[in-house]
Structure formats: structure tokens, C-alpha cells
Amino acid sequence: MQNREIASMLEEIGMMLSLDERPTARFEVRAYQKAALTVSTLQEPIEDIFNKGGNRALMELPGIGKGIAESISEYLKTGTMSKYENLKKKYPSKFMELSRIEGLGPKKIQALYSELGIKDIKGLAKAISKHEIAELPGFGEKSEEVIAKGLSMLEKSKGRILLGEALPLAESLASQLMKSGLIDKVIIAGSIRRMRETSGDIDLLALSDHGEEIMDRFVKLPEVEEVVVKGQTKTTVSLKAGVTCDLRVIPKSSFGAAVQYFTGSRDHNIQVRTIAIERGYKLNEYGLFGKNGKLIEAEDEKVIYSKLGMDWISPEMRESRGEVKLAQEHKLPELVKISDIKGDLHTHTKETDGADTIDDMAAAAISIGREYIATTNHTKSLFIAKGMNDRQFKEFFKTVDSLNERLDGSFTVLKGAEVDILKDGSLDLEKETLSSMDCVIASVHQNLKMDRESMTNRIVKAIDTGLVHILGHPTGRELLIRDPYLIDLESVFEAAERNLTALEINAQPSRLDLNDTNIASAAQYKIMFSIGTDAHRTTHLEFMRYGVGTARRGWLPKEQIINAMPLKALKRWLAK
DNA sequence: GCCGTTTTCGGCCCGACTGTTTTCAGTCG
């Protein structure tokens with residue numbers, strides 16, 4: 001899969017072109033940026049597209065025409081892209097690396113090179129330590145300081161945090177702002193609202209008439225590390241958590257447009273804006289404007305979509321994956337909601353690597369409105385997690401039985417395991433033990449570095465035992481830490497379909513596995529899904545919302561989710 | 001360099017904010 005590499009080269013070409021003096025260069029910059037975006041968001045390997053249909057197929061992609069298609073095919077065939085190489089001779093800096101530092105764009109990066117010979121972060125760090133930056137024309141004390149901060153920020157966090165960290169943080173900031181009493185409403189916008197798995201920044205929008213006072217309070221919140229930019233309508237701070245946070249104060253009349261605009265994604269907005277133009281409107285973050293240029297006041301973004309002849313689109317769907325067309329045709333799917341969730345089929349207890357007892361887990365689940373959970377401890381091969389053997393499961397299930405008796409049907413604990421899929425594809429417990437359980441999750445935890453074919457065979461073999469109700473975290477990735485293991489998901493989906501095995505959407509913030517696009521691919525098959533928190537303590541049961549968000553990003557309705565079923569129906573399904 | 005259900009030429013988003021300017025350039029979203 002060379003998508004990321006090619007997207008990054010196109011992006012960098014764009015940056016280098018922005019140093020070009022020709023008056024049309026800035027439009028070429030946009031063209032390359034757009035092409036880079038297209039390639040980076042492709043759902044399939046670009047080499048597959050090229051192999052199937054050549055340059056012509058590449059040119060079908062939005063923003064890719066004759067020139068860029070040729071560059072891409074040249075790269076796929078020869079491993080180099082002459083357009084890129086030529087520009088690189090002129091501008092040797094590592095633009096992609098350096099531009100990740102807040103406050104550094106193409107022009108400044110080039111100035112650093114031509115004045116000081118700085119090409120990369122290493123060189124930059126050196127120059128900062130010698131205080132050489134402040135002396136440069138166009139730079140100064142302040143800019144050196146900003147760059148130094150940006151550098152340490154980048155090193156600290158790599159600039160992105162998990163949804164499971166970003167959302168609570170944003171909620172905390174929002175509620176503190178609300179407490180000021182100066183704000184009518186505050187919305188968490190941006191990628192967090194779309195429930196993206198990681199976020200590079202936090203976008204807050206406040207409806208208020210007291211811009212200045214709010215900004216004063218905002219920059220003093222305890223989560224704030226430093227003020228980057230402070231104005232009356234927009235303030236940017238960097239947070240101790242390692243990301244930046246933008247707060248915008250917006251008047252009532254354009255609040256709806258602002259919410260729409262800052263929720264994104266960029267591609268989705270481009271599509272919506274195009275529709276606005278077609279219908280004689282103009283849409284930007286300040287509002288929807290009619291033919292006469294007059295602002296159509298809207299406090300709610302629903303007004304905007306409706307004026308444009310579209311149904312309101314859930315933020316999780318706004319990724320330019322066909323949702324705009326469906327909204328125009330009034331055919332949007334009804335997505336699963338957190339309130340549809342009846343139970344949690346992936347939980348652990350202190351018998352293995354969990355922190356709490358089954359009684360505590362059940363009580364916690366009851367308190368957040370669940371009707372059932374499955375207790376699914378690890379199995380013996382997972383030594384580090386104190387995995388249990390067949391006998392230990394039998395013992396433990398006696399405890400579960402007595403708990404269920406006490407609960408007397410008001411709540412049910414299903415008996416299960418998260419059984420390890422061993423290296424050869426066999427399962428880590430006896431067949432009799434497994435078939436006696438209500439709910440068996442099978443997962444890969446060890447020997448992750450297999451080649452694609454072996455890993456695929458291993459997992460397919462496990463599913464084909466017919467003993468597996470749910471395939472746990474099917475790709476094994478750990479966000480920001482570890483890539484998925486090599487696996488042919490299509491074969492796994494086929495196996496899941498023929499064995500009536502559900503695929504898990506693991507709701508742990510560091511997993512979210514399957515991810516949104518995998519879910520969308522899997523949903524093409526007759527497959528059910530289970531959103532499980534993988535809770536290792538009572539508080540983890542709250543992770544469900546991240547799993548639901550991910551399911552929504554994969555466009556799933558509640559009918560495809562087994563833990564949205566009432567207990568009776570679920571038991572029937574599991575028995576099959 | 002891309003794109004087109006008014007176009008194969010002539011458009012392509014632009015405003016907020018900051019620092020280093022002395023009226024503006026660069027960055028960001």
C-alpha cells in the first residue's frame with residue numbers, strides 16, 4: 001500500500017510549489033493538495049487502481065488529472081517521481097517533517113534553509129540552541145520562541161491524542177466555560193464531533209456576546225499550558241495534554257453555519273459548499289447567504305442542510321464517502337445510538353487481568369442501564385494476563401451462577417471467555433468447555449508478526465471451528481503505537497459470514513478495532529457486529545460510546561449489532 | 001494542475017491573527 005507515501009510526496013510538491021514565483025503556482029499548489037487528500041483517503045491501494053485501469057483509472061479520482069496521474073504511475077513503475085526529484089534539488093528541506101511544527105510553513109522552512117542550511121528537525125534544534133533563528137530577517141525573538149515550543153510539543157506528543165482522551169478533555173473545557181455564565185451554548189466541533197479515532201486539536205465553538213471576557217477565562221483554565229494566539233473571536237492555546245485547542249466565539253445568527261463549517265471534514269464541506277453554489281447560495285463559516293448576499297440566520301446547522309435540500313447528516317458520517325448524495329435523496333441510514341445498546345459482551349474480572357470482581361462489574365453495568373454483560377476472561381496461554389484453564393473457568397462460572405440467582409433475572413451475566421487463537425489457529429480451551437459457554441470471543445494476542453497468509457489462515461481456521469461467536473479486535477492494532485497485523489480481511493469476512501461469527505468493534509480507545517472503513521467493508525457481507533468495551537475495570541464500561549461512534553462512522557444501524565438486541569433475541573442468536 | 005448539466009478557457013475561499021513590518025507577509029484552519 002503506497003497511498004500514504006504518494007500522498008505525502010504530492011503534499012510536499014505542493015509546499016515546494018508555494019515557493020514558486022509564477023502567478024499560477026498557487027493554483028498548482030491547491031491542485032497538489034487536493035490530489036494528496038484524495039490519495040490519502042482512498043479506501044484501496046492506489047497500485048490496485050492503477051493495475052486495474054492504468055492512468056485512466058487514476059484520472060477518475062477527484063483532483064487527479066493527466067499530469068498528476070502520470071507522476072503517480074511513474075512512481076509506481078520506477079520508484080521515483082521526476083517532478084518531485086526536480087523540485088527537491090531546488091528545495092532540499094524536509095518540508096513534511098518541519099511543517100509539523102506549529103508556526104512553520106513553506107516560506108519559513110525555505111528561509112531557514114537558504115539562510116542557515118537547516119534541512120530537518122535535527123538542524124532546527126541545533127540552531128535554536130545557538131539562538132540563530134531570532135537573527136534571521138523576517139524572524140525575531142518571538143518567532144524563535146514559538147518554533148522552540150512547537151518543537152518540544154511535537155517531540156512530546158507527536159501531535160495527536162486518542163478520542164478517549166480528547167473527548168473527555170473537550171467536555172471538561174466546555175463545561176468549565178459554561179460555568180462562567182457568559183455563554184449560551186458551547187459545541188465540541190471538529191474531528192472529535194465526528195468521533196475520529198485520534199485528534200490533532202480540539203475545536204470549541206461558543207455562542208456568546210462576551211468574546212473578550214470568555215477568552216480571558218479560557219486562557220486561564222488549568223488544562224492550558226500556553227497561549228498561542230489570543231483574539232476576541234478566536235483564541236488558540238496549547239494544552240498540557242499535547243494538543244492545541246481553538247475556541248471561537250460566534251454570534252447567534254451564524255452559529256449554525258460555524259458548527260457546520262468547523263465540524264468538517266474538509267472534503268464533506270467542499271461538497272456541501274458546492275451544492276450551495278449550485279443553488280445560488282454562498283456558504284462559509286460566517287453563514288449561509290442568499291442570492292442577494294443577505295445572511296440567512298441560523299442558530300442550528302440543521303437549517304443549513306435543509307435550505308440546501310438535504311437531510312441533516314450525522315457528524316460521524318461527514319467524511320465524503322457518499323453521505324451527501326444520500327442526504328439529497330433522503331436515504332440516509334438510521335445509525336445505531338448509544339441508547340440502543342443493551343449489553344456488553346467483552347469484559348474481564350480480577351480472576352485474570354481485570355481489576356474488579358464480577359459482582360462489581362455487574363453492578364456497574366446495571367448502573368449505566370445495561371441489561372446484560374458477558375464475562376470473558378483470558379485463557380491460559382496468555383500468561384501475562386493470568387489466563388485461566390478449563391477447570392478454572394468451571395470454578396469461576398459457579399460464582400457467576402450464584403450471582404445470576406441473586407439478580408433473579410433483573411440483569412444477566414453470560415458465561416464466556418476471550419479465548420486465545422494460538423499460532424496454528426487452534427483455540428486455547430477444550431472444545432467441550434467452549435461449547436458449554438454462552439459467548440465465546442476469539443482473539444489473537446501473541447505472535448503478531450506473521451506474514452499475511454499465515455495470519456489469515458490462522459484466524460480463518462479459528463473461525464471455522466464453529467465455536468466462535470465473536471472475533472475479538474480483528475486487526476490487532478494499537479493506535480499511535482502499533483499497526484494492524486498483516487491480514488487479508490476479505491477472507492476473514494467470508495469466514496465470518498459462513499460461520500455466523502460476529503466481528504467485534506472493540507471500544508477501547510487505543511484499539512477501536514475494527515475501524516470505520518473496515519466496518520464499512522465488512523458490512524457488505526451478511527455479518528453481525530458486537531461492540532464490546534473490553535473493560536478491565538468498572539469504569540471501562542463507559543468506553544461503549546467510542547465503539548458506538550466508530551460503528552456510526554462505519555454507517556451501522558442497530559439491526560446489525562448483536563448487543564443492541566434484547567437478551568432473549570441475543571441468546572437465540574448466540575445459540576445458532 | 002484540475003475542472004466543466006451554462007465553460008476545453010479561465011477560474012480556483014479567504015478572514016483572523018501575529019510578528020516584524022512601517023503597510024504587510026506568513027501561517028492556520
Side-chain angles (χ1 to χ4, degrees), chain A residues 10-11 13-38 58-72 83 87 95 98-112 133-147 149-150 159 189-191 199-205 211 215 227-238 244-250 254 257-258 260-267 269-270 272-287 289:
Chain A
L10 295 174
E11 184 82 42
I13 289 175
M15 290 191 193
M16 295 190 278
L17 282 171
S18 65
L19 303 165
D20 199 314
E21 305 274 294
R22 286 175 302 129
T24 57
R26 66 193 193 96
F27 300 114
E28 293 175 31
V29 172
R30 289 195 59 78
Y32 276 96
Q33 285 171 341
K34 182 148 193 269
L37 191 70
T38 296
L58 294 177
M59 286 168 68
E60 297 278 302
L61 302 171
I64 294 180
K66 196 156 171 279
I68 294 181
E70 269 167 19
S71 284
I72 293 173
K83 175 94 187 173
L87 282 163
F95 288 83
L98 288 166
S99 67
R100 284 166 61 206
I101 293 170
E102 186 85 28
L104 277 189
K107 304 270 168 68
K108 285 191 173 164
I109 291 174
Q110 178 58 13
L112 289 170
I133 310 271
E135 309 300 320
L136 296 180
F139 291 74
E141 282 297 334
K142 195 82 190 192
S143 31
E144 179 171 297
E145 215 173 283
V146 168
I147 292 170
K149 282 281 188 238
S191 54
S199 292
D201 64 359
I202 295 176
D203 283 302
L204 298 176
L205 306 176
M215 296 310 188
V227 181
V228 180
V229 181
K230 181 162 177 272
Q232 283 188 31
T233 60
K234 184 202 163 191
T235 291
T236 302
V237 297
S238 56
T244 58
C245 176
D246 287 346
L247 172 64
R248 290 180 168 79
V249 174
I250 292 148
S254 51
Q260 197 284 325
Y261 183 88
F262 288 109
T263 297
S265 67
R266 196 166 79 178
D267 273 11
N269 283 355
I270 289 170
V272 173
R273 197 162 53 226
T274 309
I275 290 166
I277 293 166
E278 281 166 11
R279 293 183 157 233
Y281 296 104
K282 189 181 112 172
L283 178 63
N284 56 33
E285 66 264 51
Y286 304 103
F289 299 89

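Excluded from the calculations below are hydrogen atoms, water molecules and symmetry mates; all remaining heavy atoms, backbone and side chain alike, are included. Note on naming: letters A, B, ... go to the chains in the order of the sequence lines (proteins, then strands), and numbering restarts at 1 for each one.
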Engineer: So does Thr233(A) get a side-chain nitrogen or oxygen closer than 4.0 Å to the phosphate oxygens (OP1/OP2) of dC17(B)?
Structural biologist: yes
Engineer: Please report the distance, rounded to the nearest Å, between CE in Met16(A) and P in dG1(B).
Structural biologist: 13 Å
Engineer: For the pair made of CG in Asp246(A) and P in dC17(B), what is the distance, rounded to whole Å?
Structural biologist: 11 Å
Engineer: Taking NZ, NE, NH1 and NH2 as the nitrogens, is one of them in Glu285(A) or Arg248(A) under 4.0 Å from a carboxylate oxygen of the other?
Structural biologist: no
Engineer: Grab the CD-C1' distance between Glu28(A) and dG10(B) for me, whole Å please.
Structural biologist: 15 Å
Engineer: Round to the nearest Å and state the distance from Ile277(A) atom CD1 to dC14(B) atom C1'.
Structural biologist: 13 Å
Engineer: Any side-chain heavy atom of Thr236(A) within less than 4.5 Å of one from Asp201(A)?
Structural biologist: no
Engineer: Mind checking whether Gln260(A) and Leu283(A) have side chains closer than 4.5 Å, heavy atoms only?
Structural biologist: yes
Engineer: Let me know the distance between CG of Asp203(A) and P of dG29(B), rounded to the nearest Å.
Structural biologist: 9 Å
Engineer: Could you work out the separation of dT27(B) and dT20(B) based on their C1' atoms and round it to a whole Å?
Structural biologist: 14 Å
Engineer: For atom P, what is the distance between dG26(B) and dT21(B), given to the nearest Å?
Structural biologist: 12 Å
Engineer: Determine the interatomic distance between P on dT6(B) and the same-named atom on dC2(B); round to the nearest Å.
Structural biologist: 23 Å
Engineer: Nearest whole Å is fine: how far is dG1(B) P from Leu17(A) CG?
Structural biologist: 8 Å
Engineer: Leu61(A) has an atom CG; how far is it from atom C1' of dG1(B), in whole Å?
Structural biologist: 15 Å
